[in-house]
Amino acid sequence: MRNADEKAVAVLRGSRRPDAEQEKRFAEFLLRTYGCEIPLTFEEDKMLNGFTLTVGTDVYDWSLKSRLRQFEEKLKALKSGSDSVIPLMKEAVEDFTPSAEAEETGTVLTVGDEIAVVSGLEHAAYGEILLFSSGVKGMVQDLRRNEIGCVLFGDDAEITEGSLVRRSGKTAGIPVGDGFLGRVVDALGTPIDGKGDISAEGYRPIECPAPGIVDRQPVNAPMETGLLAIDSMFPIGRGQRELIIGDRQTGKTAVALDTILNQKGKNVVCIYVAIGQKSSSVAQLVETLKRRGAMDYTIVVNASASDSASLQYIAPYAGCALGEHFMYQGRDVLIVYDDLSKHAIAYRALSLLLERSPGREAYPGDVFYLHSRLLERSAHLSDALGGGSMTALPIVETQAGDVSAYIPTNIISITDGQIFLESDLFFSGQRPAVNVGLSVSRVGGDAQTKAMKKAAGGIRLDLAQYREMEVFTQFSSDLDETTKRQLTYGQSLMRLLRQPQYHPMSQHDQVITLVSALHHVMQDVPLDDMGRFHTELIKYAEENMSDVCRRVDTTGQLSDSDREEILKVAKEFLEKYKAENPQNA
Ligand SMILES: Nc1ncnc2c1ncn2[C@@H]1O[C@H](COP(=O)(O)OP(=O)(O)OP(=O)(O)O)[C@@H](O)[C@H]1O
């Protein structure tokens, strides 16, 4: 029996809410031990995946651990036939004998600014959850000689100096499962969309080692964004990590959102992690996803600007754990971290409060590890592990286009390429504002479908030549005919790469556009009329060669004869267009 002054919180690990029979047994046990009746209250604890049992004012540790382990082994042996589970569960409850275990307790030395310094917990490990006497939880972040620095996930006003802290023996975790699809949750997995509780299938620690080399296979399947500028030149593969980088308000979120919308009907689970954003922007985004039918396969994890720095710090790891659950089931996952600059800032705030020495731009020394351990968890798993994948689209905000700042360079070096969005292009109306010169995709080329590869052929080269020529000819007025044509060709290509928001293009749409554009079919169409011409061309092509469109979409191949057919139809449409619009001919 413990000191009667201590506050009583105990955790019934890995268990469902105890049934009436079990509760009776607890009550009897307490009566036997204390000689009087003590009220019991059970509360679900999502973070530790268990139930907190509060008993009077004493500390207990109810351990069902060994029973549960045996029970799990039996279940595994049975491979869970539901008929045979019920007697097993009964048996587990009947054989249960509560026991009190010794545990390590410490005291709070100082507390403030979401940080507590604790002494006396000699065996606490990095990342372990500590339970404060007020019920608030914290995570060990700093291990010093005689004390521990801990970030708090709750109100620090309730914690007083000298109060008691207990170890939980567990690292922070999040409930996971299909029930989360279509929901908005906070960084601890608690629903915040007012739609009630989520029934979880399992539980995953938020920090988990990334799959090793043998557990992976090369990226070889495309993750189409539906954006012509990206799919044609910087293709993304399933399992790839592609950074979206740019100044504020350059359409970074829009690219990620369009990619999520484009996954409709493709059996991809999408996760959007909002870090340090306004809750109103997140609500707007959720509304857009709902309206466009994308919320059914999407989970939104929100740690808003008004949440504590510690919640913002763990949000991407929690989102990643949710994604891993699906990835290890062999499914494909797309995860967007919006954005990692704010994540780094939250971590910097925590580190400075923990009195770690500041390094470059006042970030702590391990800020590279902060992001590398997160992004390394995205992978294309080997077939032996189910062949699932997790594609990451981290977003980073730059200041005045400076990609060489600390956080952008770090993340550029961790990821497999970047889509660089430029303010000047954005404001000149070129949206998505992809800078073709600075963007790159290092592994996606292998994942691009043969049809796209064939259709997109030399577009990057053509655009590079155009950009060079554009600079040289900016101030000269009399240009020769070839240069002029090259310029109009480049301009028409750039115009075609403009794409309104929420209008992802299908694969056949992109292939038809690229084949016709790169064969100069659209060159003479006035730039102002390009949008209309393009829309009508696609409609005309879909009506006149539906079999080619279907073949491209289903097989991902583009035979020479199909290409000829596309060109023929495009030219036919051009003639029709010229006849209908003689002023543009
Ligand atoms: N392709 C597009 N066509 C038209 N408008 C667009 C396009 N892409 C983005 N926008 C608009 O540009 C604005 C900024 O986009 P967005 O919020 O995605 O940028 P951001 O870089 O994520 O911004 P922040 O820095 O605030 O995170 C939005 O109003 C969005 O509707």
Side-chain angles (χ1 to χ4, degrees), residues 224-234 242-262 270 272-292 294 298 300-306 312 315-316 334-346 392-403 405 407-408 411 418-436 438-439 493-506 509-510 513 527-528 530-532 534-535:
E224 282 136 2
T225 62
L227 295 167
L228 184 63
I230 296 178
D231 286 349
S232 61
M233 293 179 282
F234 316 105
E242 183 81 3
L243 172 66
I244 302 173
I245 184 168
D247 280 4
R248 56 177 296 276
Q249 290 289 303
T250 46
K252 302 183 296 297
T253 309
V255 169
L257 191 56
D258 278 342
T259 311
I260 294 180
L261 295 180
N262 194 45
C270 299
Y272 178 84
V273 186
I275 310 155
Q277 294 192 38
K278 283 183 295 193
S279 291
S280 60
S281 328
V282 180
Q284 223 165 27
L285 181 129
V286 172
E287 206 40 52
T288 310
L289 288 173
K290 261 191 214 152
R291 227 184 13 253
R292 295 176 188 273
T298 306
V300 175
V301 180
N302 182 27
S304 71
S306 61
Q312 293 183 39
L334 168 73
I335 185 162
V336 177
Y337 302 109
D338 195 0
D339 66 61
L340 290 187
S341 344
K342 295 205 181 74
H343 181 231
I345 289 170
L393 293 182
I395 295 180
V396 163
E397 185 181 301
T398 52
Q399 307 294 330
D402 182 13
V403 283
I407 302 299
I411 302 181
Q418 72 272 353
I419 309 286
F420 184 68
L421 302 174
E422 208 176 56
S423 310
D424 290 349
L425 285 174
F426 188 83
F427 294 122
S428 69
Q430 181 70 35
R431 299 173 188 180
V434 178
N435 177 318
V436 179
L438 287 179
S439 302
L493 279 185
M494 287 301 280
R495 185 55 70 111
L496 269 180
L497 294 180
R498 292 187 186 182
Q499 197 171 330
Q501 228 180 333
Y502 317 132
H503 284 87
M505 286 164 81
S506 63
D509 194 343
Q510 299 195 13
T513 311
L527 292 181
D528 290 342
M530 189 65 88
R532 183 170 72 98
H534 176 227
T535 319

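Ligands are counted one by one from 1 in listed order, and the atoms in each one are counted from 1 as well. Because only heavy atoms are used, hydrogens play no part in the values below, and waters and symmetry mates are left out as well, while side chains stay in.
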Apply side chain to side chain contact (heavy atoms under 4.5 Å, CB included) to residues K290 and T298 and explain how you reach the verdict.
CA-CA 9 Å; K290 261 191 214 152; T298 306; over 6 Å; no
Does the protein come close to atom 24 (P) of ligand 1 - that is, does one of its heavy atoms sit below 4.0 Å from that atom?
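Flag for atom 24 (P) of ligand 1 set to true, protein heavy atom closer than 4.0 Å.
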Indicate whether atom 13 (C) of ligand 1 is within a distance of less than 4.0 angstrom of some protein heavy atom.
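Protein heavy atom within 4.0 Å of atom 13 (C) of ligand 1: present.
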Which residue and heavy atom of the protein sit nearest [atom], plus the separation:
| atom | answer |
| --- | --- |
| atom 22 (O) of ligand 1 | T253 OG1, 2.6 Å |
| atom 1 (N) of ligand 1 | Q499 O, 2.9 Å |
| atom 4 (C) of ligand 1 | R431 CD, 3.9 Å |
| atom 20 (P) of ligand 1 | K252 N, 3.5 Å |
| atom 3 (N) of ligand 1 | Q501 N, 3.6 Å |
| atom 17 (O) of ligand 1 | Q249 NE2, 4.0 Å |
| atom 19 (O) of ligand 1 | G251 N, 3.0 Å |

Just wondering, do [Y] and [X] contact through their side chains at under 4.5 Å, heavy atoms?
| X | Y | answer |
| --- | --- | --- |
| L497 | L228 | yes |
| L289 | L257 | yes |
| I245 | P408 | yes |

Under 3.5 Å, is there a donor-acceptor pair linking the side chains of N302 and S304?
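There is no such pair (donor and acceptor under 3.5 Å, judged by atom type) between the side chains of N302 and S304.
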Do the side-chain N and O atoms of T225 and N262 include a donor-acceptor pair separated by under 3.5 angstrom?
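Their side chains do not contain a donor-acceptor pair, so the 3.5 Å distance test is not met.
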Below 3.5 Å, N or O to N or O, backbone or side chain included: is there any such pair between A254 and ligand 1?
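Yes, A254 has an N/O under 3.5 Å of an N/O on ligand 1.
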Within-cut-off N or O pair, F426 and ligand 1, under 3.5 Å
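By distance alone, the answer is no.
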Of the non-hydrogen atoms in [X] and [Y], which two are nearest, and what is the gap between them?
| X | Y | answer |
| --- | --- | --- |
| Q249 | K252 | N-NZ, 4.0 Å |
| Y337 | A392 | CE1-CB, 4.0 Å |
| R498 | Q430 | NE-OE1, 3.3 Å |

Those atoms of ligand 1 less than 4.0 Å from some heavy atom in R248
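It comes down to these atoms of ligand 1: 25 (O).
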In terms of atom number and element, which parts of ligand 1 are under 4.0 angstrom from non-hydrogen atoms of E397?
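Numbered from 1, ligand 1 contributes 25 (O).
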